[in-house]
Amino acid sequence: MSNKFDMFFSSLTGKHIAVIGLGVSNRPLVRLLLQYGSIVTGCDRTPYEKLDAEVLELEKLGCTLKTGDDYLTDIQADMVFRTPGMHPNNPALCALREKGVRIVSEMDVFFELCPCSIIAVTGSDGKTTTTTLIAELLKVAGKRVWLGGNIGTPLLPRCGEMKEDDIAVVELSSFQLMDMTHSPQVAVITNIAPNHLDVHKDMDEYVEAKKAIYSFQKESDRLVVNGDNGITAPLKGCGATFTFSRQGQGDICLRDGVITRHGAPVLPVADILIPGVHNIENYMAAIMAVEGLVEDDVIRRVAKTFGGVEHRIELVRVKDGVRFYNDSIASSPSRTIAGLRSFPEKVILIAGGYDKKIPYGVLGPEICKHVKKLFLGGATGPLIRAAVEACDGEKPEIVDCGNFEAAVRAAAAAAVPGDVVLMSPASAAFDQFKNFAVRGAFFKKIIKEL
């Protein structure tokens with residue numbers, strides 16, 4: 001077990017620790033704190049009567065539960081673990097800081113204690129696929145890999161099992177990055193586009209959060225950025241900065257259908273199994289991140305077999321000549337645009353959902369170009385319709401369905417042999433679902449039962 005890990009949690013024995021948010025990622029942390037003898041209060045907005053069995057089990061283990069609307073009032077603690085979804089400047093957290101309470105996050109403490117190298121990925125789009133791809137490349141190359149952060153297993157409770165020669169591959173959201181005080185040895189920013197403006201006070205704050213991934217890097221560290229993205233292209237780390245570019249010049253770029261790194265061919269794009277030009281960019285970012293760790297033959301072998309990540313342009317079923325794709329991860333216009341551009345034919349699109357207060361104007365022209373029938377539901381349905389109707393020229397047929405299930409069923413009923421039905425909402429799922437994964441699973445259930 002890592003000495004730093006044991007020393008940190010031993011220092012919390014007998015201390016009052018509040019853990020805000022009792023979702024899946026924080027539950028192992030609560031158990032760990034209890035094992036080390038901390039006095040733990042678990043704070044969650046969910047009313048007590050609606051808590052699931054696993055949270056109630058934490059109460060039996062000794063965690064005091066503080067739930068409901070007043071879950072943030074009168075918190076008494078020496079240290080508070082902030083849930084990633086809570087803004088660091090939440091008034092309750094600010095009041096605790098003024099009292100001298102240390103506010104930390106599970107991810108920042110992991111970075112402090114992790115005994116091995118860390119490769120971390122952030123971005124508005126593509127970060128999950130890129131993170132997963134990096135981990136896959138390293139595993140096939142024979143490395144012992146720990147995958148987590150915004151995806152996968154919570155990493156802090158596993159930190160004590162990690163060895164110096166291992167590699168942690170971490171996806172980081174803007175919320176996780178906002179109060180980070182550590183950076184990875186390799187930082188990747190896939191792109192930056194408007195997103196999560198329902199939580200961030202403005203676009204500037206969102207961009208600064210993303211840039212925090214490399215703020216604490218050393219000269220020996222590496223930053224990989226998208227050279228085709230206006231926001232990321234100018235970024236420079238204090239160590240080596242590498243760019244990837246599908247459209248122009250970069251340290252790794254696309255030439256005559258081949259990904260080349262420093263001018264040398266690495267991977268023909270025809271070998272990449274997962275569809276879409278955005279996945280060429282994901283591969284370029286991943287290849288640059290693992291330079292010196294993974295041989296080119298491993299990269300080519302993985303490209304031919306890696307089937308992608310669930311809920312990301314995932315082929316669900318072919319029924320009566322109709323292909324149904326689940327792209328539930330597309331919670332912003334830029335993600336949906338990438339999905340639309342993955343198909344040579346015009347598609348039947350299912351879109352709409354929770355409103356994150358981001359603009360939809362950019363989506364209208366892409367829908368007109370790539371969609372023949374549009375089925376809308378949720379709060380952003382009218383916004384997407386307005387973006388399409390504002391365009392000149394030919395427009396797809398638009399059907400307002402009210403909610404997600406109605407839109408899915410109407411789209412399926414309208415499809416004929418040869419059609420592609422793409423569920424790519426350009427919106428978050430929170431209006432009807434816990435998250436995008438639950439939305440995607442519900443979509444797949446409907447399609448498989450047709």
Euclidean distance, [Y] [atom2] relative to [X] [atom1], rounded to 0.5 Å:
X    : Y    : atom1 : atom2 : result
L422 : N326 : CG    : CG    : 9.0 Å
S332 : I358 : OG    : CD1   : 5.5 Å
F216 : H182 : CZ    : NE2   : 8.5 Å
Y206 : L177 : OH    : CG    : 10.0 Å
F110 : R158 : CZ    : CZ    : 11.0 Å
E310 : S328 : CD    : OG    : 9.5 Å

Any side-chain donor paired with an acceptor under 3.5 Å for [X] and [Y]?
X    : Y    : answer
N279 : N282 : yes
T241 : K236 : no
R255 : Q249 : yes
T128 : R312 : yes

Does atom [atom1] of [X] have more than 12 heavy-atom neighbours from other groups under 6.0 Å away?
X    : atom1 : answer
E345 : CD    : yes
D297 : CG    : yes
R317 : CZ    : yes

Ignoring hydrogens and geometry, is there a side-chain-to-backbone donor-acceptor pair from [X] to [Y] under 3.5 Å?
X    : Y    : value
T232 : N226 : yes
D228 : Q247 : yes
K444 : V316 : no
R222 : A289 : yes
D327 : G339 : no
T190 : D125 : yes
T83  : M86  : no
R300 : P268 : no
R439 : F433 : no
T336 : S424 : yes

Looking at side-chain heavy atoms only, is the closest gap between [X] and [Y] below 4.5 Å?
X    : Y    : answer
M162 : L155 : yes
Y71  : L22  : no
I337 : L363 : yes
R82  : I20  : no
F306 : L133 : yes
C159 : F5   : yes
R31  : P157 : no
I213 : P184 : yes

Are [X] and [Y] within salt-bridge range, i.e. N to O under 4.0 Å?
X    : Y    : value
D355 : K357 : yes
K369 : E366 : no
R301 : E295 : no

Not counting sequence neighbours, list each pair that qualifies as a side-chain hydrogen bond (donor to acceptor under 3.5 Å, both in side chains) and has a residue in residues 376-386.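 Non-adjacent pairs meeting side-chain hydrogen bond (donor to acceptor under 3.5 Å, both in side chains): T380-S427, R385-E389, R385-D400.
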Trace of the side chain to side chain contact (heavy atoms under 4.5 Å, CB included) decision for F244 with M288: CA-CA 8 Å; F244 63 91; M288 205 70 246; 5.6 Å; no
Shortest non-hydrogen contact between [X] and [Y], atoms and distance:
X    : Y    : result
L138 : I119 : CD1-CD1, 4.1 Å
G440 : M423 : CA-CE, 4.1 Å
A120 : F111 : CB-CZ, 4.3 Å
C253 : G248 : CB-O, 3.7 Å
P382 : A379 : CD-O, 3.4 Å
L137 : I299 : CD2-CA, 3.8 Å

I need the full list of ring pair (Phe, Tyr, Trp, His ring centres under 6.0 Å) pairs touching residues 331-351, with sequence neighbours left out, sorted by first then second residue.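 Listed once each, the pairs are Y325-F343.
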Under the salt bridge (Lys or Arg N to Asp or Glu O under 4.0 Å) rule, collect the residues that match up with K372, sequence neighbours excluded.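 D419.
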Residues forming a salt bridge (Lys or Arg N to Asp or Glu O under 4.0 Å) with D221, sequence neighbours excluded: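 Not a single residue meets the salt bridge (Lys or Arg N to Asp or Glu O under 4.0 Å) criterion with D221.
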For side chain to side chain contact (heavy atoms under 4.5 Å, CB included), just list the numbers for M79 and K15, CA-CA rounded to whole Å, side-chain angles, deciding distance to a tenth of an Å, and then say yes or no. CA-CA 8 Å; M79 178 183 288; K15 297 289 181 65; over 6 Å; no
Please evaluate residues I272 and I259 with respect to the criterion side chain to side chain contact (heavy atoms under 4.5 Å, CB included), reporting the C-alpha separation (whole Å), side-chain torsions for both, the decisive distance (0.1 Å), and the verdict. CA-CA 11 Å; I272 297 176; I259 294 175; 4.3 Å; yes
Less than 3.5 Å apart, which donor and acceptor atoms pair up between the side chains of residues 95-103 and the rest of the protein, not counting sequence neighbours?
residue	atom	partner	partner atom	Å
R97	NH1	P88	O	2.9
R97	NH2	P88	O	2.8

Taking the six-membered ring for Trp, are Y36 and F9 parallel (under 30°), tilted (30 to 60°) or perpendicular (over 60°)?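 Rings of Y36 and F9: tilted, 30 to 60°.
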Students often mix this up, so state it plainly: with edges at 30° and 60°, are the rings of F404 and F442 parallel, tilted or perpendicular?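 The arrangement is tilted - the two ring planes meet at 30° to 60°.
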Before you tell me yes or no, could you show the steps for I384 and L374 under side chain to side chain contact (heavy atoms under 4.5 Å, CB included), namely the whole-Å CA-CA distance, both residues' side-chain angles and the distance that decides it to 0.1 Å? CA-CA 10 Å; I384 297 171; L374 174 62; 4.2 Å; yes
Going by the rule ring-ring contact (aromatic ring centres under 6.0 Å, His included), which residues pair with Y214 if we only count those two or more places apart in sequence or in a different chain?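 Y214: no ring-ring contact (aromatic ring centres under 6.0 Å, His included) contacts found.
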